[in-house]
Protein chains: 2
Amino acid sequence: MHTTVSHYLDRFIDKIETRDALTPTERAALTGLPQKLVQTAARARIVEEGERPTHCCTVVEGIVYRSKVAASGRRQIISFHVPGDMVDLHTVLFKVADHTIETVRNTTVVLIPHDAILRTAEDHPALARAFWYDTLLDASIQREALLNNGRRDTRARTAHLFCELAVRLKRVGLVNGASFELPLTQTDLADALGVTPIHTNRVMAKLRAEGLIAFGGRSITIFDWKALVAIGEFDTTYLHLEGPSDLHL
Amino acid sequence: MHTTVSHYLDRFIDKIETRDALTPTERAALTGLPQKLVQTAARARIVEEGERPTHCCTVVEGIVYRSKVAASGRRQIISFHVPGDMVDLHTVLFKVADHTIETVRNTTVVLIPHDAILRTAEDHPALARAFWYDTLLDASIQREALLNNGRRDTRARTAHLFCELAVRLKRVGLVNGASFELPLTQTDLADALGVTPIHTNRVMAKLRAEGLIAFGGRSITIFDWKALVAIGEFDTTYLHLEGPSDLHL
DNA sequence: CGCAAGATTGAAGTTTGTCAAGAAAAGTGG
DNA sequence: CCACTTTTCTTGACAAACTTCAATCTTGCG
């Protein structure tokens, strides 16, 4: 367990600071949070549904997702998480995890104890607000996913998901030109979109045949951003990129 | 705008207190929140997607839902809200509403200014935590909806939704025996379940024919709770009924 | 009473799922 | 670096779930 200042949380802190400036004290409180660096294998379970987690998980490198499983065994991926995301900040107030957290490939994450986060929130109202904001944004992304999967066909869903991931990865500097690494299998994508992998494959093949995207080798290239945005009805309002309310107390 | 103590928030406060005891001071801070009582007509829009709300909405009587609309015009209902629910507590930190809030029938709600809520949260860390918890539970319910709509067939989805509403209404004393008022149209239900009203009608008709439920006259009766729970794979873990983490600072 | 909204039913079409098999790519051990 | 194994991707044919269009019936309400 590190207790010295590290930079593993830099992306997370940067994200918070684009929303609301922090004082040096507040920033120090974040960088000083106890951190346990963990390197995982591919398909590692960080938290399992029903467990009682004691730490929050922040992505340093790689992709992490949260999922729930129906009685039939069919899996629904709830959300994907990119570097800088605190994946399960909400577990600080829940006893039992209501979903599983898994890595896609070799991934680096940082674990932070719940009690340290709660103490930080109590000592620094601005940080309490920042944590709260982060979980609210997470919920907003879930609402859009509910609309996406409920009221758009698979073609639009797929386009929407790629647009969202492109924007979120771009914000942390992980998009090169029109390409970004996305080491997900088509089964992963299917489980996020609520369809079968076979169907996902056909829909993606059509997008590729139309020259809109390319994929393979664990990465995605978007050739026609405007077209993909139109197909996916992608509107960034729900990402609340403009930052939080101007209300300062 | 009331500034005297009222009991419109009693159900909300009760809900919070089942999770974590409040001090008299904290309770007073909640009951003393400025409140604007609003009686709405049926199908009234309280907040519209894209607006910049300045108040939070708490349900006093009736049913309220949040929805988003796809470009095709198809509507997705994100969640239903029962008396005692603070529907859009998350808007305190967002500038722009990412969804619409509507009432089903004549409904009573209470509006509370954002700045009052934020000030209360800043002055009372326990209340900041309680507000945070409330929005986290909301997000957990959304995750279950994502699983429900993505990985269960319409029969299971419908059963699950009725089970959830029964539990949530029971917690606020709005279930009589096996029946509860639910003044939703089948189109409302369809928009929540991500299917067409015609299909919803057929699925519900089958549940009725099997003697599991009755509906009509704006209310639902569940004759066979165990069977409905089994069909809907309903497990209350995601409702976090056990209260928040035991961690007290 | 009569209108309007919602519920119900039928028939036909579309999207998506299931089963099955082969091809390509990635990982593994020598 | 190659041969082998496993995973992932891709394609075809068929089945099931769900949608669409259309019409009728019922109910709530002024």
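Below, chains carry the letters A, B, ... as their sequence lines are ordered, and counting in each starts from 1.
OP1 or OP2 of C/dG27 lies within a sub-4.0 Å distance of a side-chain N or O belonging to A/R218. Applying the 4.0 Å criterion to OP1 and OP2 of D/dC18, one finds that B/R155 has every side-chain N and O outside that range. Within the structure, every side-chain polar atom (N or O) of A/R105 is placed at least 4.0 Å from both OP1 and OP2 of D/dT7. Distances shown here put every side-chain N or O of B/R74 at or beyond 4.0 Å from the OP1 or OP2 atom of D/dT20.
Within the structure, every pair that satisfies the side chain to side chain donor-acceptor pair (under 3.5 Å) test and touches residues 39-49 of chain B, not counting sequence neighbours, is listed here: B/Q39-B/T108, B/T40-B/T103, B/R43-B/Y65, B/R43-B/D188, B/R45-B/E48, B/R45-B/E102.
Protein atom CG of A/D188 is 15 Å distant from nucleotide atom C1' of C/dA26, rounded to whole Å. Rounded to whole angstrom, the span from the CZ atom of A/R75 across to the C1' atom of C/dG17 amounts to 18 Å. Regarding B/N149, its CG atom lies at a distance of 14 Å from the C1' atom of D/dC18, rounded to whole Å. Taking atom CZ of residue B/R43 and atom P of nucleotide C/dA4, one finds them 18 Å apart after rounding to whole Å. Rounded to an integer number of Å, the gap from CD1 of A/I198 to C1' of C/dG22 is 14 Å. Rounded to an integer number of Å, the gap from B/Q186 CD to D/dG28 P is 13 Å. Whole-Å rounding puts the B/L193 CG to D/dT19 C1' distance at 15 Å. Regarding A/D153, its CG atom lies at a distance of 16 Å from the P atom of D/dC18, rounded to whole Å.
B/L174 is not listed as a side-chain neighbour of B/V82, based on a closest heavy-atom distance of 4.5 Å or more. In this structure, A/I63 and A/R105 have side chains that are not in contact, with every pair of non-hydrogen atoms separated by 4.5 Å or more.
Comparing A/G217 and A/T154 by the nucleotide of DNA chain C that holds the closest heavy atom to each, the one mapping nearer the 5' end is A/T154. Place B/L184 and A/T200 on DNA chain C by their nearest nucleotides, and B/L184 ends up nearer the 5' end.
Distance from the side chain of B/H199 is smallest for D/dC18 among the nucleotides C/dG17, D/dC18, C/dG10. For B/N201, whose side chain is taken as the heavy atoms from C-beta onward, the closest listed nucleotide among C/dA7, D/dT20, D/dC9 is C/dA7. Each of D/dC18, D/dT11, C/dG17 was ranked by its minimum atom distance to the side chain of A/A205; first place goes to D/dT11. Comparing D/dG12, C/dT9, C/dT8 by their closest approach to the side chain of A/R202 singles out D/dG12.
Salt bridge annotation for B/R66-B/D85: absent, with no cationic side-chain nitrogen under 4.0 angstrom from a carboxylate oxygen.
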Taking it one step at a time, do A/D138 and B/Q142 satisfy side chain to side chain contact (heavy atoms under 4.5 Å, CB included)? CA-CA 11 Å; A/D138 194 59; B/Q142 286 173 27; over 6 Å; no
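More than 12 heavy atoms of other shown residues, nucleotides or ligands fall within 6.0 angstrom of atom CD in B/E233.
For the helix from C/dC1-D/dG30 to C/dG30-D/dC1, the end axes, each set by the C1' atoms of five terminal pairs, are bent relative to each other by 60° (nearest 10°).
A donor-acceptor contact closer than 3.5 angstrom links the side chains of A/H90 and A/H99.
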Expected list for residues 214-221 of chain B: side-chain donor-acceptor pairs under 3.5 angstrom, two or more places apart:
unit_1 : atom_1 : unit_2 : atom_2 : d
B/T221 : OG1    : B/S179 : OG     : 2.8

